[in-house]
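Remember, predicted model here, so these are calculated numbers, not experimental data. Note that the numbering runs from 1 along the sequence shown for the chain.
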Amino acid sequence: MEVLVLNSGSSSLKFQLFSMPEERIICSGQIERIGFEDAIFKFKTNNDTIEKVTPVKNHKQGLKLVAEQLLDNETGVIQSPDDITIVGHRVVHGGKHFSDTTVITNEVKEKIKALSSLAPLHNPANLEGIEVAEEVFKNAKQVAVFDTAFHQSIPEKAYKYAIPNEYLEKHHIRLYGFHGTSHKYVSEKAIEFLGKKDSKIISIHLGNGCSMTAIKNGKSIDHSLGFSPVNGLIMGTRSGDIDPSVIFHLAERHGFELKDINNMLQKQSGMLGLTGYSDLREIQKEAEKGNKNCILALEMNAYRIKKYIGSYAAIMNGLDAIIFTAGIGENSADMRERVCKDLDYLGIELDAEKNLVRSNKIRAINKDTALTKILVIPTNEELEIAKQSIALFKNQSALI
């Protein structure tokens, strides 16, 4: 059967069409820089590779572009929308409602919409993807796979905030965790690579959105993002960790509206706020030219990641491996070098030559004598979503 997977990020859209259960990729592609006039559309099959720059105002327009390409008479890969059996959707925030892969209903869509205030850059885009897919692929089963699901194993001492108990009990305010599909996928690959189930791993997902997970014996036990995907590491446009008093100060002393502060922390901060650029590739180019703001931003970014490595090694009482994954983690040798520098006390020792090698395969870039593995593992959230979508119907004994 053919399973289409849609993965909507804050400013991107990735998609893959699989023949399942053999996990054969029929086509793949992505749209980068959604919201800009120079968005980049990429589409690849065994026979064709298409890349073009085109305006893409929002995720809805981007998804329609994807659907048109899949059905294109010359370079498309399906004859009819009915060729698609399942459409699997990445949904960032499942809140208290969703801890497992779920068949999408009107009730599910309403809950995803209600959670948009907690993930304003993602849930609305995820919901748009669902609604467009329902229009185009009318007979396909629509399935949601939630970023928060992998982190359900985080213990209460880690997910509970030190605020009055009623806010957890009545309002479900707690750490939820995100990028779970990616962290789950790469950690399973790491465990297989290490050849040991009893493992202590830190997964570092670095893209426009960034997060880290402490994974002990295959289970998430702590995570850098929390109630919403805005805290933790410094991201493309999100601030990461910040003293909450700053919010009150801006509101009470400077007259900022809360919605404006939220917009600032979500869309105007992070690397964009520090440098004027949200794309790390541009920031690195500017840093090489001597741009002091860009140099400092890169140092701040790496510094924040190192702080989390230290804290997660402490709570796990050791460390077998760290994983770099996602767009920046997989492709930026410079960022990996900055992060790994001066961490030899944890057994983290980078091999400079191995670090420069580019590959789409899992690889170790640590020195041969290092006690801790440094792994670069290309994430494949789309395959993980396809596998979970198929498993959902097998578990329900549903015939497709």
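The main-chain N or O of Thr75 is never found under 3.5 Å from a side-chain atom of Asp48 such that the two would form a donor-acceptor pair. Using a distance-only test at 3.5 Å, with no hydrogens or angles considered, no donor-acceptor pair links the side chain of Ser12 to the main chain of Glu32. The closest donor-acceptor contact from the side chain of Tyr161 to the backbone of Phe227 lies under 3.5 Å. Here the side chain of Arg336 pairs a donor or acceptor atom with the backbone of Asn355 at under 3.5 angstrom. A donor-acceptor pair is defined here as one N or O able to donate and one able to accept, closer than 3.5 Å; such a pair exists between the side chain of Gln61 and the backbone of Pro55. Although no hydrogens or angles enter the test, the distance criterion places no donor-acceptor pair under 3.5 Å between the side chain of His59 and the main chain of Gly35. Under the 3.5 Å distance criterion, the side-chain polar atoms of Arg90 are left unmatched by any main-chain donor or acceptor of Ile385. Here the side chain of Lys200 pairs a donor or acceptor atom with the backbone of Asn317 at under 3.5 angstrom. Remark: the backbone N or O of Asn217 is not paired with any side-chain donor or acceptor of Asp198 at under 3.5 angstrom. Using a distance-only test at 3.5 Å, with no hydrogens or angles considered, no donor-acceptor pair links the side chain of Asn366 to the main chain of Lys373.
For the pair Asn123/Asn126, a side-chain contact is recorded, criterion being any heavy-atom separation below 4.5 Å from C-beta on. Taking the side chain as every heavy atom from C-beta outward, Phe18 and Lys387 never approach each other to under 4.5 Å. Here the side chains of Leu115 and Ile112 are not in contact, with every heavy-atom distance at 4.5 Å or above. By the 4.5 Å heavy-atom criterion applied to side chains, Ser332 and Leu206 are not counted as neighbours. Within the 4.5 Å cutoff, the side chain of Met212 has heavy atoms near those of the Ile309 side chain. Side chains of Glu299 and Ile295 form a contact here, defined as non-hydrogen atoms less than 4.5 Å apart. Side-chain contact check for Asn139 versus Pro81: every heavy-atom pair is 4.5 Å or farther apart. Proximity of Leu4 to Ile78: side-chain heavy atoms (C-beta onward) are nowhere separated by under 4.5 Å.
Leu274 and Leu265 are not part of a single hydrophobic cluster, where members link through side-chain heavy atoms under 4.5 Å apart. Hydrophobic clustering places Ile328 together with Met300 (ILVMFWY residues linked when any side-chain heavy atoms are closer than 4.5 Å, directly or through intermediates). Cluster membership check: Val91 does not share its hydrophobic cluster with Leu6, using side-chain heavy-atom separations under 4.5 Å among Ile, Leu, Val, Met, Phe, Trp and Tyr. Residues Leu65 and Ile26 share a single hydrophobic cluster, defined by chaining ILVMFWY side chains whose heavy atoms lie under 4.5 Å apart. In the hydrophobic clustering of this structure, Leu194 groups with Ile377; members are Ile, Leu, Val, Met, Phe, Trp, Tyr whose side-chain heavy atoms approach within less than 4.5 Å, directly or through other members.
Contact detail for Ile130 and Gln142: the closest heavy-atom pair is O-OE1, 4.5 Å. The shortest heavy-atom contact between Gly88 and Ser389 is CA-OG, 3.9 Å. Taking each heavy atom of Ile323 and Ser187 in turn, the nearest pair found is CD1-CA, 4.1 Å. The two atoms that bring Ile104 and His89 nearest to each other are CD1-CD2, 3.7 Å, heavy atoms only. Here the closest heavy-atom approach between residue Gly327 and residue Asn331 is recorded as O-ND2, 2.8 Å. Summarising the geometry of Leu175 relative to Ala158, their closest heavy-atom pair is CD1-O, 4.1 Å, with the distance given to 0.1 Å.
A donor-acceptor contact closer than 3.5 angstrom is absent between the side chains of His205 and Thr325. At a cut-off of 3.5 Å, with distance as the only test, no side-chain donor of Thr275 or Glu286 sits close to an acceptor on the other residue. For the residue pair Thr45 and Asn47, no side-chain donor N or O sits within less than 3.5 Å of a side-chain acceptor on the partner. A donor-acceptor pair shorter than 3.5 Å can be found between the side chains of Lys160 and Asn165. There is a side-chain donor-acceptor pair under 3.5 Å between His183 and Ser211. Side chain to side chain, Gln284 and Glu288 fail the donor-acceptor criterion of an N or O pair below 3.5 Å.
Here the NE2 atom belonging to His223 is positioned 9.0 Å from the OG atom belonging to Ser203, to the nearest 0.5 angstrom. Taken to the nearest 0.5 Å, the CD atom of Glu330 stands 11.0 Å off from the CD1 atom of Ile362. Rounding to the nearest 0.5 Å places OG1 of Thr372 at 8.0 Å from CD1 of Ile322. Atoms CG and CZ, on Leu225 and Phe178 in that order, are 6.5 Å from each other to the nearest 0.5 Å. Within the model, atoms CZ of Arg358 and CZ of Arg363 stand 8.0 Å from one another, a figure rounded to the nearest 0.5 Å. Atom CG of residue Leu392 and atom OG1 of residue Thr101 lie 6.0 Å apart, to the nearest 0.5 angstrom.
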Could you please spell out the steps behind the salt bridge (charged side-chain N to carboxylate O under 4.0 Å, His left out) verdict for Glu107 and Lys111? CA-CA 6 Å; Glu107 182 182 1; Lys111 288 178 178 177; 3.4 Å; yes
Let's go through Lys367 and Asp344 carefully: what are the C-alpha distance in whole Å and the side-chain angles of both, what is the deciding distance for salt bridge (charged side-chain N to carboxylate O under 4.0 Å, His left out) to 0.1 Å, and is it a yes or a no? CA-CA 11 Å; Lys367 291 181 179 179; Asp344 50 292; over 6 Å; no
Between Leu17 and Ile84, does the side-chain contact (heavy atoms from CB on, under 4.5 Å) criterion hold? Intermediate values first, please. CA-CA 9 Å; Leu17 180 62; Ile84 305 297; 3.4 Å; yes
Before giving the answer on salt bridge (charged side-chain N to carboxylate O under 4.0 Å, His left out), spell out for Glu68 and Lys64 the whole-Å C-alpha distance, their side-chain angles and the decisive distance to 0.1 Å. CA-CA 6 Å; Glu68 290 171 2; Lys64 288 186 175 179; over 6 Å; no
Applying side-chain contact (heavy atoms from CB on, under 4.5 Å) to Gln388 and Val143, what does each step give before you reach the verdict? CA-CA 9 Å; Gln388 290 189 36; Val143 175; over 6 Å; no
side-chain contact (heavy atoms from CB on, under 4.5 Å) for Phe256 and Ile247? Distances and angles first, verdict last. CA-CA 9 Å; Phe256 282 77; Ile247 298 170; over 6 Å; no
Mind running side-chain contact (heavy atoms from CB on, under 4.5 Å) on Tyr303 and Ile234 for me, showing each step along the way? CA-CA 10 Å; Tyr303 180 80; Ile234 298 171; over 6 Å; no
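Glu22 CD: more than 12 foreign heavy atoms inside a 6.0 Å radius. Heavy-atom neighbours of Glu166 CD from other residues, nucleotides or ligands within 6.0 Å: above the threshold of 12. Annotation: Glu282, atom CD; neighbour count of heavy atoms from other residues, nucleotides and ligands within 6.0 Å is above 12.
The aromatic ring centres of His151 and Tyr176 sit 6.0 Å or more apart.
A perpendicular orientation is assigned to the rings of Tyr308 and Tyr312, their planes being inclined by more than 60° (bins at 30° and 60°). His249 and His254 have perpendicular rings, their planes meeting at more than 60° on a 0 to 90° scale where under 30° would count as parallel.
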